[in-house]
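Below is one structure; the comments refer to it alone.
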Amino acid sequence: MNEKLTMAQALNRALRDAMAADESVYVFGEDVGRLGGVFRITDGLAAEFGEDRCFDTPLAEAGIVGVAVGMAMNGMRPVVEMQFDAFAYPAFEQITSHVAKMRNRTRGQVPLPMVIRVPYAGGIGGVEHHSDSSEAYFAHTPGLHVVTPSDPADAYGLLRAAIASDDPVVFLEPKKLYFGADEVDLDLPVAPVGRAVVRRPGTDATLIAYGPSVPVALDAAAAAAAEGRSLQVLDVRSLQPFDDETVCRAVRSTGRAVVVAEAPGFASVASEIAARVTERCWDALAAPVGRVTGLDIPYPPPKLEHLHLPDVDRVLDAVDDLRWEEGT
Amino acid sequence: MRPDPEGLLPATEPVTLIDSDGAPVTPARAAVPSETSPADVVGPETQALDAPAPHGCRQLPPTHDLVAALGAMIAARRFNDQAYALVRQGRLAVYPSSHGQEACQVAAAHVLSDGDWLFPTYRDTAAVVARGVDPGQALTLLSGEWHHGWDVAAHRVAPLTTPLATQLPHAVGVAHAARLRGEDTVVLALCGDGGTSEGDFHEALNFAAVLHAPVVFLVQNNTFAISVPLSRQTAAPSLAHKGAGYGIPGERVDGNDVAALLSVLGAAVGAARTGDGPQLVEAHTYRMQAHTNADDATRYRDDDEVAAWSRRDPIDRLRTFLTGRGDVDEARLSTFADDAERMAARLREELATDLRHDPSELFEYVYATPTPQLREQLAMLRDEAERDLGGVSR
Ligand SMILES: Cc1ncc(C[n+]2csc(CCOP(=O)(O)OP(=O)(O)O)c2C)c(N)n1
């Protein structure tokens, strides 16, 4: 069944369908009950499933995640909301010291099937602490799955998969994509997390992107096509587990690659991707893997964020730098 | 010596000196406060003081302080409403208004001496202005031009803090440093009712108590944390009760009664200054508008509730009280209104144009000295800007 949904609606639908399908799914966090969340992702859930299944918590992120750990230890599948990227930091200790490690330290006795939803990244004109790209902190922490959708269909499928997963998932929702609409097939079987996907075919170079940067990469590919260059766009979707196979196959098919990501580039997920591609596709590469990332600065104020964010021009500049003159 | 736990608990009712009709709470009604007369003292037989008050008798503040507070509240209201309008006009990115909380905003600033410090949240721009910061600079964060606008050390006002309660340990640190240097500085730190649920609130109170730091924690309990009412936030008898567990005296005050606020906060600041350690004050007030312009409050509260609180407006109340006593006349009121209007006009003008930014700003303040990588990134931005100017696409 196809429906046109915004990403926000698709996420809401995924929560609703997961709650209907599995009684052990509980949704909680700040303002998720009556208000339906500040982005309305949990809209209507408390009314439909009751205030036990979807409830407002006291305002304390460490408490929210810590309580979710306990509920997961006791047979439930909590899905918690952090209101904004930077407001998940009070929960960092719970996430890195417990959520990520519980399975390992108990030699598999205590898995934590839980999802931590985080509206993240910029491009919405938010004042400070409302636009952080926090993926590297989580992706760097062994024991966490980290995924991020780039369109409504993926938002639905990935969230269903995250809730069904027996590992804890940090689910990063690109805020600037919340209200873009697209067709979603709600009946597709839920694919497990961990697979990248080619969003646009191309033969000259591969743009590797995820979450909020995928539309930027697609726009760049469209602009490049007008200039006679064929760019393939790959959406990583799952930062951990990382789909080396699909990524390498894509890069090998073009021989050139640029990674596009909004987070500051230093010690970033983009760096990890560039390093992996370099190690694994070295013999097929005509140029070093490029990176277009955010600047290495604290997220700037709204009036300056355009200078920070990767845009089409920066992506095309990076593609220009891929040693075409000596090329294959 | 362990403090007597009873002495740490707040009175059963919030301290009120002027009721919502603008009438003095008996028997202060009979007292004619003047600058010099100790007759302002509201005796322990008053209704508001049924329970023992930890800081002694509640005094109606001197008339000139109340008149000054009225002027400042009128300015604060105008500031709030102007800022809200500026969001609609696209001149501010967002505005969390303290409309309805002006008594708390003004009292928090007015009880401090020049050498004291104020630690505000995102909702406390009006307090920052009442402390003497330029209104335009106070709004820099919310205008989206930069993260902060005023000289922190000169004003002794910390930046507006958005991550909830995280400013409170900073306030303790500033107070502790001052104490170690032998200064008599007091730090007044603001937070909301929701913020009291965060771990940092509790760590700050505990540190302050253990270090005996001269901090006054003022919790503006405006009943909601975005959509979440206080009843979902805490099961404690009151937020002021949270002090006792840390060894900090707690007091509750009518947050729409600036006279009571000046009295209670003034006493708390005095106690902190004279070595009694940290103090916790909970002010009962109401967030009259949505959380910010981006919020839809009709989803979680009734108009009736809002209407009931508008009858307890802090400005109407004090105006009624002061005009009733002949302490302000129409001429004075119109001076206050004119001053507020001029401030609003200046604000509109200041915020009418986008600032011109140089990309170097982005890199200049990340470290004491920009790293080689940041210098490279600046060069890239300059190169882009030149190409844009030259009309070269890419
Ligand atoms: C650590 C953290 N979590 C969440 C938020 C998002 N947030 C901003 S204001 C707010 C409600 C705060 O309520 P309260 O402390 O009562 O203050 P008020 O806004 O009512 O003045 C929330 C949840 C935040 N700023 N910081």
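For clarity, every value in this text was computed on a predicted model and none was experimentally measured. In what follows, chains are A, B, ... by sequence order, proteins preceding strands, each numbered from 1.
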Notebook entry, point to check: What residues, two or more places apart in sequence or in another chain, satisfy ring pair (Phe, Tyr, Trp, His ring centres under 6.0 Å) together with B/Tyr122?
Noted result: none

Notebook entry, point to check: Checking B/Ser143 against chain A: side chain, backbone, both or neither under 4.5 Å from a heavy atom?
Noted result: backbone

Notebook entry, point to check: What distance separates B/Gln377 CD from A/His308 NE2, expressed to the nearest 0.5 Å?
Noted result: 9.5 Å

Notebook entry, point to check: So how far is it from A/Lys303 NZ to B/Arg356 CZ, rounded to the nearest 0.5 Å?
Noted result: 14.0 Å

Note to self: Given heavy-atom pairs under 4.5 angstrom as the criterion, report whether the side chain, backbone, both or neither of B/Val228 touches chain A.
What the structure shows: both

Margin query: Heavy-atom cut-off 4.5 Å, strictly under: side chain, backbone, both or neither for B/Ala225 against chain A?
Written below: both

Next item on the list: Check whether A/His130 gets within reach of chain B through its side chain, its backbone, both or neither, counting any heavy atom under 4.5 Å.
Entry: side chain

Next item on the list: Kindly indicate, with the supporting measurements, whether the criterion side chain to side chain contact (heavy atoms under 4.5 Å, CB included) is fulfilled by A/Arg40 and B/Asp296.
Entry: CA-CA 11 Å; A/Arg40 306 294 185 262; B/Asp296 174 9; 4.0 Å; yes

Notebook entry, point to check: Does the side chain of B/Glu364 come within less than 4.5 Å of A/Ile297's, by heavy atoms?
Noted result: no

Notebook entry, point to check: If every non-hydrogen atom of A/Pro58 is compared with every non-hydrogen atom of B/Ser197, which pair is closest and at what distance?
Noted result: CB-OG, 3.9 Å

Item checked: Non-hydrogen side-chain atoms of A/Pro90 and B/Glu198 separated by less than 4.5 Å -> yes

Item checked: Over all atoms of both residues, closest heavy-atom pair of A/Pro301 and B/Gly144 -> CB-O, 3.3 Å

Notebook entry, point to check: Between A/Glu61 and chain B, which part of the residue has a heavy atom less than 4.5 Å away: side chain, backbone, both or neither?
Noted result: both

Next item on the list: Please round to the nearest 0.5 Å and tell me the distance separating atom OH of A/Tyr299 and atom CG of B/Leu362.
Entry: 11.0 Å

Check: Hey, does A/Leu304 have a side-chain heavy atom less than 4.5 Å from the side chain of B/Trp146?
Finding: yes

Notebook entry, point to check: Looking at B/Glu361, B/Glu384, B/His291, which one has more heavy-atom pairs under 4.5 Å with chain A than the rest?
Noted result: B/Glu384

Notebook entry, point to check: Do you know the tightest heavy-atom contact between A/Pro298 and B/Val366?
Noted result: CD-CG2, 3.8 Å

Next item on the list: Apply side chain to side chain contact (heavy atoms under 4.5 Å, CB included) to the pair B/Thr162 and A/Phe87, showing each step before the final yes or no.
Entry: CA-CA 9 Å; B/Thr162 303; A/Phe87 305 145; 3.7 Å; yes

Item checked: Electrostatic pair B/Arg299:A/Asp43 at N-O distance under 4.0 angstrom -> yes

Note to self: Just checking A/Glu51: does its CD atom have more than 12 heavy atoms from other residues, nucleotides or ligands closer to it than 6.0 angstrom?
What the structure shows: no

Margin query: If you count every heavy atom of other residues, nucleotides or ligands that lies below 6.0 Å from A/Phe92 atom CZ, does the total exceed 12?
Written below: yes

Check: Is the number of heavy atoms from other residues, nucleotides or ligands within 6.0 Å of NE2 (B/His170) greater than 12?
Finding: yes

Margin query: Walk me through whether A/Glu128 and B/Leu141 qualify under side chain to side chain contact (heavy atoms under 4.5 Å, CB included).
Written below: CA-CA 8 Å; A/Glu128 59 172 359; B/Leu141 168 70; 3.7 Å; yes

Check: Among A/Val127, A/Leu307, A/Leu295, which has the most heavy-atom pairs under 4.5 Å with chain B?
Finding: A/Leu295

Check: For B/Glu349, does the CD atom have more than 12 heavy-atom neighbours from other residues, nucleotides or ligands under 6.0 Å away?
Finding: no

Note to self: Looking at B/Asp302, I'd like to know if its CG atom is crowded, meaning that more than 12 non-hydrogen atoms belonging to other residues, nucleotides or ligands lie closer than 6.0 Å.
What the structure shows: yes

Next item on the list: Report, as yes or no, whether the 6.0 Å neighbourhood of atom CZ on B/Phe207 holds more than 12 heavy atoms from other residues, nucleotides or ligands.
Entry: no

Checklist line | Structural part of A/Pro300 lying under 4.5 Å from a heavy atom of chain B | finding: both

Check: Can you list the steps and then say if A/Leu59 with B/Gln233 is a side chain to side chain contact (heavy atoms under 4.5 Å, CB included)?
Finding: CA-CA 7 Å; A/Leu59 214 173; B/Gln233 202 65 250; 3.4 Å; yes

Margin query: Could you check whether atom CZ of A/Phe179 has more than 12 heavy atoms from other residues, nucleotides or ligands sitting under 6.0 Å from it?
Written below: yes

Margin query: Please identify, among B/Pro359, B/Gly194, B/Pro163, B/Gly199, the residue contributing the most non-hydrogen atom pairs under 4.5 Å to chain A.
Written below: B/Pro163

Note to self: Which atoms of B/Leu381 are under 4.5 Å from chain A, going by heavy atoms: the side chain, the backbone, both sets, or neither?
What the structure shows: side chain

Item checked: Options B/Gln373, B/Met380, B/His357, B/Glu145, ranked by heavy-atom pairs under 4.5 Å with chain A, top entry -> B/Glu145

Checklist line | Lys/Arg N to Asp/Glu carboxylate O, A/Glu30 vs B/Arg232, below 4.0 Å | finding: no

Check: Which atoms of B/Asp193 come close to chain A, meaning under 4.5 Å heavy atom to heavy atom: side chain ones, backbone ones, both, or neither?
Finding: neither

Check: Which bit of B/Leu160 comes within less than 4.5 Å of chain A, counting heavy atoms only: side chain, backbone, both or neither?
Finding: backbone

Note to self: Quick check: do A/Leu35 and B/Ile226 have side-chain heavy atoms less than 4.5 Å from each other?
What the structure shows: yes

Item checked: Nearest-0.5 Å distance that lies between atom CG in A/Asp296 and atom OH in B/Tyr367 -> 7.0 Å

